[in-house]
Amino acid sequence: MTFEVTILGSSSATPIFNRNPTSQVLNINERLYLIDCGEGTQQQMLRFDMKASRIDHILISHLHGDHYLGLVGLLSSMHLNGRKKPVILVCPAPLKEIIDLQLHYSDTELQFPLEYIFTDAQKSEVVIVNNDVIIETIPLDHRIACTGFLFKEKKRLRKLIKEKIESLDISVAYYSILKKGGDYTDENGKVYKNEELTIDSAEPKTYAYCSDTMYNENYFTQISNATLLYHEATFLNDMLDRAVITHHTTALQAGEIALKTNAGKLLIGHFSARYRTLDELLHEAQSVFPETELAIEGKTFVIE
């Protein structure tokens with residue numbers, strides 16, 4: 001099963017030094033989920049060969065412009081390119097008013113349905129469930145209402161042991177029962193326990209996307225044991241006072257969060273425009289949590 005994230009934008013408030021505002025594409029079993037949609041997201045999708053036609057879900061963490069100002073342009077391009085299938089938009093409720101207003105004054109009626117799932121920054125909720133994934137919101141601590149998103153793989157069915165199945169000449173009709181944990185009884189009444197014929201599937205993996213937030217342990221339990229944790233790291237820790245005022249996190253704090261929540265790997269992004277290069281941010285986070293990487297634009301990270 002494919003489970004990987006490609007970074008489209010990793011800058012904070014403004015595009016600078018060839019870094020674009022926040023946006024990511026998460027590929028789960030070849031379904032693409034767009035997470036945040038800062039200015040320039042369309043260009044980044046073209047640059048990194050991410051087809052908008054494959055995106056059915058767009059998740060917006062909050063209504064600061066660097067996380068959603070590319071959205072109306074993307075929806076308009078989908079419209080102009082003849083899209084017919086719905087787009088499901090998971091977002092704060094006021095975003096609907098913003099989109100409606102822009103479409104109204106451009107005299108545009110989208111050719112495809114736009115379906116909304118509104119988030120509540122005061123509590124965690126399951127917003128999407130399908131055959132591949134369960135998506136929950138993560139209430140964060142920012143200057144305005146903001147949620148992260150937790151993507152949890154669905155537990156797969158048990159795997160058949162091919163050699164055992166073939167040696168017993170078990171009918172294909174039993175495969176579904178065995179995969180779901182059932183035992184097998186042959187024509188002579190002999191019972192074969194499920195553990196003899198199948199093996200358990202791999203443990204589900206998780207991706208925790210923590211958008212803009214200051215350090216706050218209220219969300220730590222929810223993101224615990226994430227296979228991959230993306231966490232904003234806007235500043236170096238020598239600017240902790242600024243981080244607190246703006247409700248952001250430092251690279252050192254991001255490392256501490258990964259350590260305290262037992263993350264498998266940490267990915268840091270949302271870098272301030274004051275940093276031309278990012279090595280200092282990386283090294284600061286790695287001083288606490290060595291398994292840290294930078295959210296470099298165009299790079300794909302496999303969640304494993």
Side-chain angles (χ1 to χ4, degrees), residues 1-10 22-36 44-45 48-51 54-59 61 126-138 148-162 179 181 198-211 219-233 251 254-271 278 281-283 285-304:
M1 176 172 170
T2 307
F3 197 18
E4 61 188 23
V5 62
T6 300
I7 308 301
L8 301 181
S10 64
T22 300
S23 187
Q24 304 181 1
V25 172
L26 185 64
N27 182 339
I28 304 177
N29 209 22
E30 301 308 320
R31 289 189 183 188
L32 301 188
Y33 300 79
L34 181 65
I35 310 171
D36 279 336
Q44 293 293 86
M45 290 175 66
F48 301 123
D49 195 28
M50 295 287 174
K51 292 181 171 55
R54 294 182 59 200
I55 292 173
D56 295 332
H57 300 81
I58 301 175
L59 302 98
S61 62
V126 174
V127 288
I128 293 173
V129 178
N130 56 40
N131 291 334
D132 300 313
V133 68
I134 301 168
I135 306 176
E136 301 174 0
T137 54
I138 306 169
F149 300 101
L150 181 64
F151 300 82
K152 301 192 294 187
E153 276 187 329
K154 280 279 194 74
K155 176 72 172 174
R156 292 301 186 188
L157 297 176
R158 295 182 66 84
K159 297 180 180 179
L160 303 178
I161 301 174
K162 184 178 179 182
K179 288 179 179 180
T198 70
I199 57 174
D200 197 10
S201 58
E203 281 302 304
K205 297 181 284 290
T206 59
Y207 178 55
Y209 173 84
C210 293
S211 179
Y219 59 92
F220 285 14
T221 299
Q222 188 180 5
I223 67 172
S224 289
N225 302 307
T227 310
L228 177 62
L229 167 63
Y230 168 85
H231 204 287
E232 72 123 295
E256 291 171 345
I257 292 166
L259 184 65
K260 289 184 177 181
T261 61
N262 195 37
K265 181 179 285 189
L266 171 65
L267 192 59
I268 56 172
H270 199 263
F271 310 116
L278 304 173
L281 290 150
L282 176 62
H283 295 155
Q286 286 179 333
S287 71
V288 180
F289 192 79
E291 287 296 313
T292 302
E293 294 193 51
L294 296 169
I296 299 297
E297 296 177 16
K299 189 169 182 179
T300 296
F301 298 86
V302 177
I303 301 162
E304 58 185 355

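Being a predicted model, the structure only gives us computed values, none of them experimental.
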Do [X] side-chain atoms and [Y] backbone N/O form a donor-acceptor pair below 3.5 Å?
X: E136; Y: L150; result: no
X: T206; Y: T227; result: yes
X: K154; Y: N130; result: yes
X: Q222; Y: T137; result: yes

May I ask you to check whether over 12 heavy atoms, not counting those of K155, lie within 6.0 Å of atom NZ? yes
Neighbour count >12 (heavy atoms, 6.0 Å) for atom NZ, K265: no
Report yes if some heavy atom in the side chain of [X] is under 4.5 Å from a heavy atom in the side chain of [Y]; otherwise report no.
X: V133; Y: L26; result: no
X: L229; Y: C210; result: yes
X: L267; Y: I7; result: yes
X: E291; Y: L228; result: no
X: I35; Y: V25; result: no
X: L8; Y: L34; result: yes
X: V5; Y: F151; result: no
X: D56; Y: R31; result: no

Dump the intermediate steps for side chain to side chain contact (heavy atoms under 4.5 Å, CB included) on I55 and H57, then the final yes or no. CA-CA 6 Å; I55 292 173; H57 300 81; 5.8 Å; no
Of all the heavy-atom pairs spanning [X] and [Y], show the shortest one and how long it is.
X: F3; Y: K205; result: CE2-O, 3.5 Å
X: A226; Y: A208; result: CB-CB, 4.0 Å
X: F289; Y: A263; result: CZ-O, 3.2 Å
X: A295; Y: Y230; result: CB-CE1, 4.1 Å
X: E297; Y: G9; result: OE2-CA, 3.5 Å
X: R54; Y: N27; result: NH2-ND2, 4.4 Å

Under 3.5 Å side-chain donor-acceptor pair for [X] and [Y]:
X: S61; Y: D36; result: yes
X: T292; Y: Q286; result: no
X: R156; Y: S201; result: no

From CA spacing to verdict: side chain to side chain contact (heavy atoms under 4.5 Å, CB included), I268, L294: CA-CA 5 Å; I268 56 172; L294 296 169; 3.9 Å; yes
If you round to the nearest 0.5 Å, how far is [atom2] of [Y] from [atom1] of [X]?
X: Q24; Y: Y209; atom1: CD; atom2: OH; value: 5.5 Å
X: T198; Y: K159; atom1: OG1; atom2: NZ; value: 11.5 Å
X: N225; Y: T221; atom1: CG; atom2: OG1; value: 10.5 Å
X: T261; Y: L259; atom1: OG1; atom2: CG; value: 8.0 Å
X: E232; Y: S10; atom1: CD; atom2: OG; value: 12.5 Å
X: F271; Y: L278; atom1: CZ; atom2: CG; value: 5.0 Å

With sequence neighbours left out, what residues match E304 under salt bridge (charged side-chain N to carboxylate O under 4.0 Å, His left out)? none
Quick one: salt bridge (charged side-chain N to carboxylate O under 4.0 Å, His left out) partners of K260, sequence neighbours excluded? E217
Would you please test M50 and Q44 for side chain to side chain contact (heavy atoms under 4.5 Å, CB included) and show each step? CA-CA 8 Å; M50 295 287 174; Q44 293 293 86; over 6 Å; no
Evaluate K179 against L160 for side chain to side chain contact (heavy atoms under 4.5 Å, CB included), listing each step before the verdict. CA-CA 7 Å; K179 288 179 179 180; L160 303 178; 4.1 Å; yes
Taking side-chain hydrogen bond (donor to acceptor under 3.5 Å, both in side chains) as the test, write out the residues that go with N131, two or more places apart. none
